[in-house]
Amino acid sequence: MNETISIRRFRDSDAESVSRLIVDALLTCCGPDYPPEPLGAFARSQTPACMRERGRTTHFYVAEEDGTPMGCAAVGRDPEDPGVCGVYSFYVTPEKQGRGIGRRLMEALEADPWSREARLLTLHASLTALGFYRRMGFDFRDGCAQPDRDGLYMMEKAR
Ligand SMILES: CC(C)(COP(=O)(O)OP(=O)(O)OC[C@H]1O[C@@H](n2cnc3c(N)ncnc32)[C@H](O)[C@@H]1OP(=O)(O)O)[C@@H](O)C(=O)NCCC(=O)NCCS
């Protein structure tokens with residue numbers, strides 16, 4: 001199903017297309033679950049410059065098909081606890097969802113050397129993606145199924 005997809009590390013030249021796919025996924029998929037603002041403000045903050053910074057500070061992966069980024073996801077070390085890695089910027093372009101690209105990206109994050117050294121992966125899940133992360137083996141942190149004030153759910157997975 002997803003044999004035409006390859007997963008590779010982000011390059012600075014991906015910044016514009018990855019920024020666009022994130023804005024598209026946020027507004028199209030998360031729009032029904034969140035108020036237009038601050039969702040719009042968050043989408044506007046996902047600039048190409050922000051992507052290049054993410055590429056410098058995390059291990060940032062891109063799912064590519066025919067030379068075009070169709071998804072992205074990052075893993076980064078917690079500066080206060082080297083045993084914990086955060087998962088960030090997890091998006092698949094709306095028209096390519098449901099084809100296993102998210103799973104491939106999660107496999108890449110879990111195979112990443114930083115996450116292999118960690119004892120715990122953590123993330124803030126949108127309501128939109130909650131079912132996906134549960135499917136990928138993440139549970140609510142401290143069993144708390146309540147969202148924070150931004151409407152995000154703290155989730156974790158032991159390594
Ligand atoms: C969440 C997201 C990354 C999933 O990517 P995807 O490529 O559609 O997921 P996959 O096709 O790889 O799905 C893998 C499995 O998870 C399941 N799944 C995917 N999304 C799901 C959801 N919202 N609820 C329940 N299960 C879900 C699939 O059915 C599949 O199950 P399987 O094991 O039976 O095959 C993607 O839908 C997305 O970008 N959503 C909008 C943006 C967003 O909210 N990003 C996260 C910000 S925290």
Side-chain angles (χ1 to χ4, degrees), residues 1-10 14-48 50-51 53-55 57-78 84-112 115 118 120-142 144-157:
M1 189 194 258
N2 54 27
E3 55 283 345
T4 57
I5 296 286
S6 55
I7 310 288
R8 60 165 175 79
R9 286 288 288 274
F10 171 90
D14 297 318
E16 279 74 16
S17 49
V18 169
S19 165
R20 272 197 304 276
L21 91 79
I22 290 179
V23 171
D24 194 17
L26 278 169
L27 299 183
T28 306
C29 305
C30 302
D33 295 327
Y34 291 92
E37 295 296 340
L39 182 64
F42 181 66
R44 290 190 293 280
S45 75
Q46 303 299 296
T47 60
C50 172
M51 298 305 114
E53 178 64 13
R54 181 127 286 174
T57 57
T58 69
H59 288 176
F60 196 10
Y61 291 85
V62 164
E64 180 183 77
E65 187 175 51
D66 296 332
T68 304
M70 298 298 178
C72 61
V75 66
R77 278 181 164 147
D78 183 332
V84 176
C85 271
V87 170
Y88 307 101
S89 297
F90 208 120
Y91 300 95
V92 173
T93 202
E95 53 276 17
K96 299 290 178 179
Q97 290 175 13
R99 293 177 49 200
I101 297 176
R103 178 183 289 282
R104 291 275 305 275
L105 282 163
M106 187 62 82
E107 286 168 358
L109 296 191
E110 295 201 18
D112 179 90
S115 86
L120 197 64
L121 294 182
T122 64
L123 56 82
H124 291 82
S126 65
L127 175 62
T128 323
L130 198 55
F132 168 74
Y133 291 126
R134 296 198 78 166
R135 188 78 181 146
M136 295 296 108
F138 284 76
D139 285 322
F140 295 112
R141 183 183 290 183
D142 302 325
C144 175
Q146 295 303 313
D148 66 13
R149 62 182 184 174
D150 296 321
L152 300 175
Y153 298 80
M154 304 277 285
M155 302 190 84
E156 62 184 28
K157 180 177 181 177

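Whatever order the structure lists them in is the order used to number ligands and atoms, beginning at 1.
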For this session: Show which atoms of ligand 1 fall inside a sub-4.0 Å distance from at least one heavy-atom site of T128.
Result: 23 (N), 44 (O)
Problem set entry | For ligand 1, the portion of Y88 having any non-hydrogen atom under 4.0 Å away | neither
For this session: Give a yes or no on whether atom 21 (C) of ligand 1 lies under 4.0 Å from any heavy atom of the protein.
Result: yes
Seminar exercise, completed: Min over Y34, Y91, F132 of heavy-atom distance to atom 43 (C) of ligand 1 lands on Y91
Exercise. Backbone or side chain, does any N or O of A125 fall under 3.5 Å from an N or O of ligand 1?
Worked result: no
Problem set entry | Contact (N/O only, under 3.5 Å) between G100 and ligand 1 | yes
For this session: Determine if the distance from atom 6 (P) of ligand 1 to the closest protein heavy atom is below 4.0 Å.
Result: yes
Exercise. Of all the heavy atoms in H124, does at least one lie under 4.0 Å from an atom in ligand 1?
Worked result: yes
Exercise. Do any N/O atoms on Q97 end up under 3.5 angstrom from N/O atoms on ligand 1?
Worked result: yes
Exercise. Is the centre of the F42 ring less than 6.0 Å from the centre of the Y34 ring?
Worked result: no
Give the table of side-chain donor-acceptor pairs shorter than 3.5 Å for residues 67-75, with sequence neighbours excluded, one pair per line with atom names and distance.
none

Exercise. At what distance is the nearest protein heavy atom to atom 24 (N) of ligand 1, and which residue and atom is it?
Worked result: G131 CA, 3.3 Å
Exercise. What pairs meet the side chain to side chain donor-acceptor pair (under 3.5 Å) rule with one or both residues in residues 123-137, with sequence neighbours excluded?
Worked result: D33-T128
Problem set entry | Heavy-atom nearest neighbour in the protein, as seen from atom 28 (C) of ligand 1, with distance rounded to 0.1 Å | R135 CG, 5.0 Å
For this session: Look at atom 8 (O) of ligand 1 and find which of G102, G98, A129 reaches it with the closest heavy atom.
Result: G98
Problem set entry | Heteroatom proximity flag, R103 to ligand 1, N/O under 3.5 Å | yes
For this session: For residues T4 and R99, determine if any side-chain heavy atom of one lies less than 4.5 Å from a side-chain heavy atom of the other.
Result: yes
